[in-house]
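Everything below concerns the one structure shown next.
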Number of protein chains: 2
Amino acid sequence: MPDALPIRRGGGVAVWSQIALQLQAELAAPGTKLPPEADLAARFGVNRHTVRRALEELARQRLIRIEHGRGSFVAEPVLDYQVNRRPRFSEWVRRHNREPLGEVLSLREIIVGDLAEADLIGAALGLSERDTVIELERLGKADDRPIALSRHMFPALRCRGLEEALRNHATITAALSTIGITDYVRRRSRISARLPSPREAALLALEPGAPVLQSENLNTTGNDTALELCFVIYPASRVALIVEPND
Amino acid sequence: MPDALPIRRGGGVAVWSQIALQLQAELAAPGTKLPPEADLAARFGVNRHTVRRALEELARQRLIRIEHGRGSFVAEPVLDYQVNRRPRFSEWVRRHNREPLGEVLSLREIIVGDLAEADLIGAALGLSERDTVIELERLGKADDRPIALSRHMFPALRCRGLEEALRNHATITAALSTIGITDYVRRRSRISARLPSPREAALLALEPGAPVLQSENLNTTGNDTALELCFVIYPASRVALIVEPND
DNA sequence: CAAAATTTGTGCGTATGTATG
DNA sequence: ACATACATACGCACAAATTTT
């Protein structure tokens, strides 16, 4: 427990504001419980209302969560993800001043008919059950914290050399670029939420019962040729999606 | 158990497709378990592979869930909600051939500073802590099944007479229209997911542990004046959001 | 399963300093 | 100088949610 800087009264800065700043500087790892309001009030030598005002401010900034009857907890930072036509994982993470990392979990070529969602995939990419897709499973991290688990499917026919390219490049954008595809855009996303499977929860380092946001994306080339179907799940506590409709 | 129509072979319609249609017509209440594949195969006089092909089709349409080692279950119908610039609850539900109903839970005028999310609301609507908003809480249903719990906040100053209008009209669109606001558009949505509070779970008739999709919407008039901030939660098992980015 | 303890949420009253006109 | 409004801070009591005993 760090030393409390002395609270200055009558110095033009509200006491609750000083306490909020002090607490913010001391925030421990996400999930950590803060001391009860009564303890904080005693420590700072103020009324509990004053502490509550400070906590309210931290909650507004989404730095902590306050739970009735349980306590206050350090919140996880939430990455806002703008859903536009250019899905670029690395750019997104870097825009939040965090270090992106894409870890390949599996990469293979597989026959559409052998996948569980064969029909959905076939319909979306315009393939028959006998066509093959390149399937990439990836875990995306920001500063080593998992924030996205994605499964990408590319029609093998329209993506000659992509499997090899994906092995040798850190980002999907870069890999696509080496096989001559420089513009691909998000055409449609279907956003839902659910509880993760045990495997998914383990990969995303989620506590039991924590939900995930799921996004099913259809990406195409500039001239509307279906290029990629992609299922992504995000830990709901760490990611929010931003949409600005234009139609 | 309804009679099985005879399966016609060689009539240009695949047997699995006929079975899929037949099963679809017989679907019981959500959550009901379908007979084991072996039983269905016997009933239709076909191989189990053929039944599996039919079930696969129903699963693709999200009419059933197939669970490894457990069986197949009638799924809840999912309402796809296209996130565009015109948020219209009733139109959305009717487009799915279901009967919309908006039930007012509470309606009041309240000072911004007295709300928990005072700062967020003030910033979004351009109000000070001392301004007032009209707050409407509503439960949206489709065929008597709750599908949306929303909290709407309108700046009282820019919405004279809205509280009264909301009391007398079934839809928000209609109420706004009576006070002269005929065009309001969605400017921005922030989509996340979380577990519901006990009260929210009860109102939405959710089983424990089931997550909700949450959408925080800023709606404006045609000329970009902030008109409404609105928090909506949807049962994740019954609603999905569709986004087609244009930028 | 029930009672007790812990912790946050809410309401009301009071007092003080500061900006405003 | 005065009145008013407002933000800040304190004290006390009880309600509500959760956890522990």
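Chain identifiers are assigned alphabetically (A, B, ...) following the order of the sequence lines, protein sequences preceding nucleic acid strands; residue numbering begins at 1 within each chain. All values reported here derive from a predicted model rather than from experimental measurement.
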(message) Return the pairing partner of D/dA1 with a 3.5 Å limit on both distances, Watson-Crick or G-U wobble; otherwise return none.
(response)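 Per the H-bond distance test, none.
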
(message) With a 3.5 Å limit on both atom pairs, tell me what C/dA3 is paired to, counting Watson-Crick and G-U wobble, or say none.
(response)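 Base-paired to D/dT20.
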
(request) Identify, with sequence neighbours excluded, every residue that meets side chain to side chain contact (heavy atoms under 4.5 Å, CB included) alongside B/Ala174. (result)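 Scan of B/Ala174 (side chain to side chain contact (heavy atoms under 4.5 Å, CB included), adjacent residues dropped) gives B/His169, B/Thr171.
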
(request) Using the test side chain to side chain contact (heavy atoms under 4.5 Å, CB included), find all partners of B/Glu200 that sit at least two apart in sequence or belong to another chain. (result)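 Listed in chain order: B/Leu149, B/Arg194, B/Pro196, B/Ser197, B/Ile233.
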
(request) Can you tell me the distance, in whole Å, between the CG atom of A/Leu40 and the P atom of D/dC10? (result)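 After rounding, the reported distance stands at 14 Å.
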
(message) Expressed as a whole number of angstroms, how long is the span from A/Glu57:CD to D/dA7:P?
(response)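 It is 15 Å, rounded to the nearest whole Å.
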
(request) Flag the pair A/Leu55 / A/Leu34 as yes when at least one side-chain heavy-atom distance between them is below 4.5 Å, and no otherwise. (result)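 A/Leu55 vs A/Leu34: side chains touch.
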
Tabulate below the donor-acceptor pairs under 3.5 Å that side-chain atoms of residues 103-113 of chain B make, not counting sequence neighbours, or state none.
unit_1: B/Glu103; atom_1: OE1; unit_2: B/Lys141; atom_2: NZ; d: 3.2
unit_1: B/Arg108; atom_1: NE; unit_2: B/Glu135; atom_2: OE1; d: 2.7
unit_1: B/Arg108; atom_1: NH2; unit_2: B/Glu135; atom_2: OE1; d: 3.0
unit_1: B/Glu109; atom_1: OE2; unit_2: B/Thr132; atom_2: OG1; d: 3.4

Identify each donor-acceptor pair in which a side-chain atom of residues 79-88 of chain A lies under 3.5 Å from a protein atom, sequence neighbours left out, and give them as a table.
unit_1: A/Asp80; atom_1: OD1; unit_2: B/Arg190; atom_2: NE; d: 3.3
unit_1: A/Asp80; atom_1: OD1; unit_2: B/Arg190; atom_2: NH2; d: 3.0
unit_1: A/Tyr81; atom_1: OH; unit_2: A/Arg186; atom_2: NH2; d: 2.9
unit_1: A/Asn84; atom_1: OD1; unit_2: A/Arg86; atom_2: N; d: 2.9

(request) Ignoring backbone atoms, test whether A/Asn47 places a side-chain nitrogen or oxygen under 4.0 Å from the OP1 or OP2 oxygen of D/dA9. (result)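 A/Asn47 to D/dA9 OP1/OP2: no side-chain N or O under 4.0 Å.
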
(request) At under 4.0 Å between heavy atoms, which parts of nucleotides 7-19 of chain C does protein reach? Answer with one letter per nucleotide, 5' to 3': B base, S sugar-phosphate only, - none. (result) BBBBB--------

(request) For A/Arg199, enumerate each residue passing the side chain to side chain donor-acceptor pair (under 3.5 Å) test, keeping only those at least two apart in sequence or located in another chain. (result)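 Partners of A/Arg199 by the side chain to side chain donor-acceptor pair (under 3.5 Å) criterion, ordered by chain and then number, come out as A/Glu137.
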
